[in-house]
There are 2 protein chains.
Amino acid sequence: MWRSDAETTARHLQYQYEVGTATGIRCGKYLVPRKKAEIQRLDNTLQHHIAQYITLSNSEFSRCMTYFLPKKLRKRSFLVQEGDVCSYAAFVQKGCLRSYTIDSKGDEHVLQFAIEGWWIGDLYSFLTGEPTSYFIEALEDSELLLLDRKAYEQLTEDIPKFERFFRLLLQNNLIATQRRIIAEHSKSAVERYLDFLKTYPSIAEHVPLRHIASYLGITPEALSRIRRELAEKSL
Amino acid sequence: MWRSDAETTARHLQYQYEVGTATGIRCGKYLVPRKKAEIQRLDNTLQHHIAQYITLSNSEFSRCMTYFLPKKLRKRSFLVQEGDVCSYAAFVQKGCLRSYTIDSKGDEHVLQFAIEGWWIGDLYSFLTGEPTSYFIEALEDSELLLLDRKAYEQLTEDIPKFERFFRLLLQNNLIATQRRIIAEHSKSAVERYLDFLKTYPSIAEHVPLRHIASYLGITPEALSRIRRELAEKSL
DNA sequence: CCGCCTCCTTAACCTGCATCAATCTAATTT
DNA sequence: AAATTAGATTGATGCAGGTTAAGGAGGCGG
């Protein structure tokens with residue numbers, strides 16, 4: 001279950017395995033009924049993801065798919081905003097999102113990114129029904145599979161193996177988040193940036209630098225200096 | 001399930017409810033067989049804790065107790081050290097512990113404290129069997145209930161409600177850990193120290209200041225100055 | 001192809017916290 | 001009670017990263 005190389009393990013831990021690049025079927029418009037081939041592809045991303053953790057028969061998998069609600073999200077639009085109840089856990093089929101808060105001074109703080117094959121959502125709000133304090137924003141046109149609270153409970157009742165699945169997601173996410181705290185206490189901004197590039201190369205490709213800076217807990221200006229120094233050194 | 005006041009919620013989230021102070025039965029020596037009254041008290045701490053999350057019949061509870069191994073730990077001794085496999089999740093009946101790493105520069109970084117009614121352990125090592133990179137040290141003479149990997153699996157099989165119980169612990173811990181990251185990005189050291197005092201008053205009483213500093217990600221000197229400034233202001 | 005975003009970079013200055021080194025205090029040990 | 005040790009405080013100094021303000025560069029709609 002645990003691959004040995006550090007990079008795969010770290011990614012695995014953070015948000016449960018990044019699957020390979022999609023084969024590239026696209027549809028140009030939103031709200032257009034998806035073609036069969038595309039449905040196939042979308043299902044496969046999730047199926048591949050689930051298979052990392054538990055074994056499902058084909059019939060179980062198609063049953064499980066009925067609990068999800070597909071949703072497309074345009075770049076710069078929000079899945080939830082501060083004050084909403086985050087009624088969904090969202091699995092990313094395609095695209096890229098971030099979750100962040102805005103503090104009392106008006107500054108943004110990125111908690112998480114999610115690309116294809118990752119989950120995103122505000123767990124606290126999802127589980128308690130309290131309004132969230134996060135914004136979840138699409139950084140690119142994205143396709144999600146939503147699981148709402150009720151569907152989540154029905155799914156775990158219908159296929160109890162999913163109890164284990166979600167527990168594993170939680171465990172891995174907790175471990176990664178704890179490591180992030182230790183890293184912020186023990187490493188400099190440069191080291192953390194390099195770690196980020198190494199651990200999440202596919203996110204680094206998709207995401208504006210200022211969001212990475214925010215995730216690392218530094219300003220965009222500081223990240224810019226860091227990048228210049230790294231560039232100068234490697235010449 | 002979720003109380004409304006911020007402090008209780010925060011404590012709840014961090015490590016699942018601090019129960020009231022023990023009634024104070026002590027035994028002076030280690031490895032002395034515990035008296036019946038004491039066993040009762042110890043069980044009650046755990047029972048109270050579990051009851052926050054799931055409902056158990058008395059017979060289920062006494063069955064569940066058979067999976068735990070009691071253990072006493074003297075002040076300054078370790079439950080696990082770096083390189084060990086952390087085979088246990090430990091429930092704290094009495095006393096106080098911390099988990100920390102030592103980085104490449106030789107500096108300590110506190111990940112977590114645990115007092116009566118809390119859990120501690122290295123989840124990653126516990127679940128994978130890989131050696132841990134943490135030290136778990138008793139800050140006072142402590143009494144623990146250990147649950148090893150096998151017992152954990154048997155327990156969740158025997159009483160499936162415990163699946164839910166452990167999932168809730170994980171969820172709450174993850175939520176609290178995520179909030180800790182956001183707080184470290186958005187708040188000054190003073191604010192974080194005040195938050196700590198408010199959220200975990202009973203830990204602040206038990207724990208040396210330098211460990212609190214380490215938990216907050218600052219040096220003991222910085223914490224000392226913060227405390228002086230606060231004292232001066234409040235005069 | 002022009003103007004306007006959005007994002008990134010650069011530079012000058014500032015500050016919060018780290019570092020280093022003493023000193024003080026209160027437990028523990030003998 | 002004296003000796004030892006762990007923990008907390010204080011002061012002097014330095015630096016990583018924040019702040020502010022001003023460009024620049026690429027992308028996109030008109």
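The chains referred to below are lettered A, B, ... by the order of the sequence lines, with proteins before strands, and numbering in each begins at 1. Keep in mind the model is a prediction, meaning the values are calculated, not measured.
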Chemist: Whole angstroms only, please: what is the CD1-C1' distance between B:I212 and D:dG7?
Modeler: 13 Å

Chemist: Out of D:dG17, D:dT10, D:dT19, which nucleotide sits closest to the side chain of A:T219?
Modeler: D:dT19

Chemist: In whole Å, what is the span from the NZ atom of B:K187 to the P atom of C:dC17?
Modeler: 14 Å

Chemist: For a quick check under 3.5 Å, do B:H211 and B:E108 share a side-chain donor-acceptor pair by atom type?
Modeler: no

Chemist: If I take atom OH in residue B:Y193 and atom C1' in nucleotide D:dA8, what distance separates them, rounded to the nearest angstrom?
Modeler: 12 Å

Chemist: Counting side-chain heavy atoms from C-beta on, which of D:dG17, C:dC7, C:dC8 comes nearest to A:L209?
Modeler: C:dC8

Chemist: Give a yes or no on whether a salt bridge exists between B:D195 and B:K187, defined as a side-chain N under 4.0 angstrom from a carboxylate O.
Modeler: yes

Chemist: Look at all strands and tell whether B:R227 reaches a base, only sugar-phosphate, or nothing, counting heavy atoms closer than 4.0 Å.
Modeler: sugar-phosphate

Chemist: Nearest to the side chain of A:R210, which nucleotide is it out of D:dA8, C:dC8, C:dA18?
Modeler: C:dC8

Chemist: Looking only at side chains, do B:Y215 and B:R98 share a donor and an acceptor under 3.5 Å apart?
Modeler: no

Chemist: Quickly work out the B:H185 NE2 to D:dG18 C1' distance and round it to whole Å.
Modeler: 14 Å

Chemist: Return the value, rounded to whole Å, for the distance between atom CD of B:E108 and atom P of C:dA18.
Modeler: 16 Å

Chemist: Under a 3.5 Å distance rule, please check whether A:T101 uses its side chain to pair with a backbone N or O of A:S133 as donor and acceptor.
Modeler: no

Chemist: Is A:R228 touching bases, backbone alone, or none of the nucleic acid, heavy atoms closer than 4.0 Å?
Modeler: sugar-phosphate

Chemist: To the nearest Å, how far apart are B:L223 CG and C:dT19 P?
Modeler: 15 Å

Chemist: Using only modelled atom types and a 3.5 angstrom limit, is any donor from either the side chain of B:R225 or the base of C:dG16 paired with an acceptor on the other?
Modeler: no

Chemist: For B:D141 and C:dA27, give me the distance from atom CG to atom C1', rounded to whole Å.
Modeler: 15 Å

Chemist: I want to verify a distance call: between D:dG11, C:dC17, C:dT6, whose nearest atom is closest to the A:R76 side chain?
Modeler: C:dT6

Chemist: Let's see if you can work this out: which of C:dC8, C:dC17, C:dT10 has an atom nearest to the side-chain heavy atoms of A:E221?
Modeler: C:dT10

Chemist: Measure from NZ on A:K75 to C1' on D:dC28 and round the result to the nearest Å.
Modeler: 11 Å

Chemist: Say whether A:H49 and A:W118, considering side chains only, have a donor N or O and an acceptor N or O under 3.5 Å apart.
Modeler: no

